[in-house]
Amino acid sequence: MTLPRTCQFAVIGGGPAGLAAATLAAGLGIDTVLLDEQPTPGGQAYRNIEAVSRSSWRLLKILGKHYGQGNALVEGFRQSGVRYEPSSSVWQVTPSGKIGVSQSGQAYLLKADRVLIATGAAERSVPVPGWTLPGVMTAGAVQTVMKAAGIVPDEDTVLAGSGPLVYLIALQLLAASAPLRAILQTQKPTSWFSKIRLLSQVRAGAGDLLDGLKWIRAIKSSGVPVFHASDIRAEGRDRLEAVTFQSRGQRHRVDASALLLHEGVIPNIQLTASLRCAHRWDEAQVAWAPVVDQWGTTSHESIAVAGDGAGTRGAKAAPHSGRLAALETAFRLGLISMKERDRLATGDKQALARQVGLRSLLDHLYSPSEAIRTPADADIVCRCEEVSAGEIRKLIDGQGFVELDQLKSQSRCGMGQCQGRMCGQTIARILAEHRGLSMKDVGYFRLRIPVKPLPLDQLAHLQNAECDPELSASSGDPSQRV
């Protein structure tokens with residue numbers, strides 16, 4: 001057994017928020033453990049940053065300056081003395097701070113006085129026709145492979161979606177000489193002009209906006225065709241052969257072997273939902289997020305959330321929210337006074353507020369397209385169980401369902417390998433539209449432990465475990481729903 005039985009502060013997630021929180025916590029004298037599912041620190045934003053910086057200057061240049069900024073964060077963490085537990089998959093957290101972890105083929109329990117969930121965000125599921133064909137993937141998945149292994153698409157590629165990440169990935173692909181054949185933008189062509197009034201609300205971030213405009217200009221000058229597209233379809237027999245779409249009243253076809261989809265990212269709420277934390281529906285981000293206070297504390301006093309898991313704000317904002325959570329932890333443990341906490345938090349609070357203003361503008365500019373988010377009857381919405389949107393609508397009509405968990409029990413959507421990560425919001429939206437309900441009324445799947453697949457033999461041989469009623473699947477108040 002390598003994991004300790006107890007600690008004062010457990011941080012789940014090795015991205016910007018988790019690294020910043022753990023580093024500061026250690027500096028404040030808190031006994032801290034960081035549990036990271038990845039083999040090295042950095043999260044998705046700075047994945048594999050140490051290895052890339054050491055051995056591949058060309059890839060570092062391709063990925064850009066924003067990626068390179070992760071070096072300082074990781075170096076500070078490495079020097080902090082925090083107990084780092086890589087390749088650790090967290091499958092349960094209880095309201096009292098008991099954590100179920102799988103590591104090296106064994107399952108363990110770790111009890112923390114306070115837990116910070118810093119698991120970031122996940123790409124929004126985009127169930128377009130043909131999205132289950134080999135060759136269709138999220139844009140973030142390609143970026144992950146680039147960072148982890150330096151691999152880029154070597155066949156004709158189409159990039160489709162909306163948001164700043166589309167421009168960044170397009171530039172990275174072009175810099176890597178990938179054969180990018182078209183960029184399909186799904187936001188409205190007039191978005192920038194219709195939201196220009198929001199620019200006055202952005203107190204900072206002019207540099208980031210300027211970077212974005214440079215990205216757009218560079219893409220236009222590259223010669224890659226850019227379309228404002230709708231009704232995007234992936235076509236092919238055994239794998240992707242072409243992408244078709246509607247643009248300016250005409251149907252277009254682009255031969256391609258890879259289609260990269262991206263409609264923004266949403267908070268990863270698997271752990272907070274399983275904890276029955278209070279959640280809110282964010283209309284601007286079209287997603288659920290846990291309710292947290294200014295320090296990241298949830299409706300469970302011992303549980304906090306930082307980074308994009310509390311609401312998508314980006315990699316620059318994440319470290320600030322992580323440090324605020326660490327300061328609150330130090331205060332609650334009696335290591336610093338309230339006055340000291342507030343004094344130390346001033347800079348991070350101000351910086352976070354500036355980033356929130358910029359994010360508000362981006363949320364309005366790149367809100368997911370209605371056409372993208374409403375699948376046709378023939379479209380598969382649950383990849384794990386191969387359930388189509390039409391089957392879901394038939395169940396709603398035939399059984400009179402008005403609750404999401406009723407659909408889950410009858411269709412098995414949300415019971416597969418992804419545990420609803422890919423299909424949860426899509427199915428909720430179908431139910432809401434079909435019944436004339438709001439997403440707030442429909443809610444989200446009632447998640448149960450384990451939130452990630454756990455081999456039965458690991459559970460049967462659970463290390464350092466004692467009989468504990470909190471380990472039952474019904475822990476928490478079952479009446480509390482997202």
Side-chain angles (χ1 to χ4, degrees), residues 2-3 9-23 25-26 32-56 59-60 63 66-80 82-93 99-108 110 115-123 137-151 165 169 172 265 267-271 305-309 312 314-315 318-319 321-322 417-419 421 450-454 458:
T2 60
L3 279 176
F9 190 37
V11 179
I12 304 172
L19 293 175
T23 301
T32 304
V33 174
L34 189 145
L35 303 167
D36 188 4
E37 194 166 40
Q38 303 305 320
T40 58
Q44 174 61 12
Y46 307 126
R47 183 183 295 271
N48 206 33
I49 182 66
E50 293 171 307
V52 172
S53 298
R54 285 194 305 266
S55 60
S56 182
L59 181 58
L60 188 63
L63 293 172
H66 293 285
Y67 175 70
Q69 289 170 354
N71 257 321
L73 200 60
V74 173
E75 286 175 3
F77 168 74
R78 289 291 196 186
Q79 295 170 8
S80 69
V82 171
R83 178 157 186 163
Y84 179 51
E85 297 289 344
S87 303
S88 298
S89 178
V90 173
W91 43 267
Q92 179 199 18
V93 179
I99 305 169
V101 186
S102 286
Q103 184 187 84
S104 302
Q106 291 186 309
Y108 303 88
L110 168 66
V115 178
L116 176 65
I117 298 173
T119 50
E123 278 190 281
M137 64 193 78
T138 65
V142 167
Q143 196 181 50
T144 295
V145 175
M146 288 177 66
K147 293 174 180 177
I151 297 173
L165 190 60
I169 292 178
Q172 291 172 342
V265 296
N268 181 350
I269 64 169
Q270 297 298 106
L271 284 174
V305 184
D308 283 353
T312 306
S321 64
Q417 185 81 1
C418 83
Q419 295 286 282
R421 289 173 179 82
V451 296
K452 292 189 175 179
L454 177 68
Q458 287 190 25

**Report entry** Whether D308 side chain and P267 backbone form a donor-acceptor pair below 3.5 Å
**Finding:** no
Query - Under 3.5 Å: donor-acceptor pair, side chain of S102, backbone of A107 - result: no
Pairwise distance [atom1]([X]) to [atom2]([Y]) - rounded to 0.5 angstrom:
| X | Y | atom1 | atom2 | result |
| --- | --- | --- | --- | --- |
| T32 | R83 | OG1 | CZ | 12.0 Å |
| H66 | Y46 | NE2 | OH | 9.0 Å |
| Q38 | T144 | CD | OG1 | 8.0 Å |
| L35 | L116 | CG | CG | 11.0 Å |
| L110 | I12 | CG | CD1 | 8.5 Å |
| I99 | I117 | CD1 | CD1 | 8.5 Å |

Looking only at non-hydrogen atoms, find the nearest pair between [X] and [Y] and report the distance.
| X | Y | value |
| --- | --- | --- |
| V451 | Q270 | CG1-O, 3.8 Å |
| G42 | P16 | O-CD, 4.1 Å |
| N71 | S53 | ND2-OG, 2.7 Å |
| G322 | A21 | O-CB, 3.2 Å |
| P41 | D36 | CA-OD2, 3.7 Å |
| S88 | Q103 | OG-NE2, 2.8 Å |

Query - Criterion side-chain contact (heavy atoms from CB on, under 4.5 Å) on V52 and Y67, from CA distance to verdict - result: CA-CA 10 Å; V52 172; Y67 175 70; 3.5 Å; yes
Query raised in the report: What residues form a salt bridge (Lys or Arg N to Asp or Glu O under 4.0 Å) with E123, not counting sequence neighbours?
Result: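 In terms of salt bridge (Lys or Arg N to Asp or Glu O under 4.0 Å), with neighbours along the sequence ignored, E123 is linked to no residue.
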Partners meeting side chain to side chain donor-acceptor pair (under 3.5 Å) with [X] (sequence neighbours left out):
| X | result |
| --- | --- |
| E37 | S89, K452 |
| T312 | none |
| E50 | R78 |
| K147 | none |

Find out whether [X] and [Y] are in side-chain contact, i.e. whether some heavy atom of one side chain is under 4.5 Å from a heavy atom of the other.
| X | Y | result |
| --- | --- | --- |
| L60 | I49 | yes |
| T23 | V82 | no |
| L34 | F77 | yes |

Query raised in the report: Regarding Q172 and Q143, is there a side-chain donor-to-acceptor distance under 3.5 Å anywhere?
Result: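 Q172 vs Q143: donor-acceptor pair found between side chains.
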Requested in this report: Assess whether side-chain contact (heavy atoms from CB on, under 4.5 Å) is satisfied between T119 and V90, documenting all intermediate values.
Outcome: CA-CA 10 Å; T119 50; V90 173; over 6 Å; no
**Report entry** side chain to side chain contact (heavy atoms under 4.5 Å, CB included) involving V142 - partner list, sequence neighbours excluded
**Finding:** M137, M146, P153, L173, L260
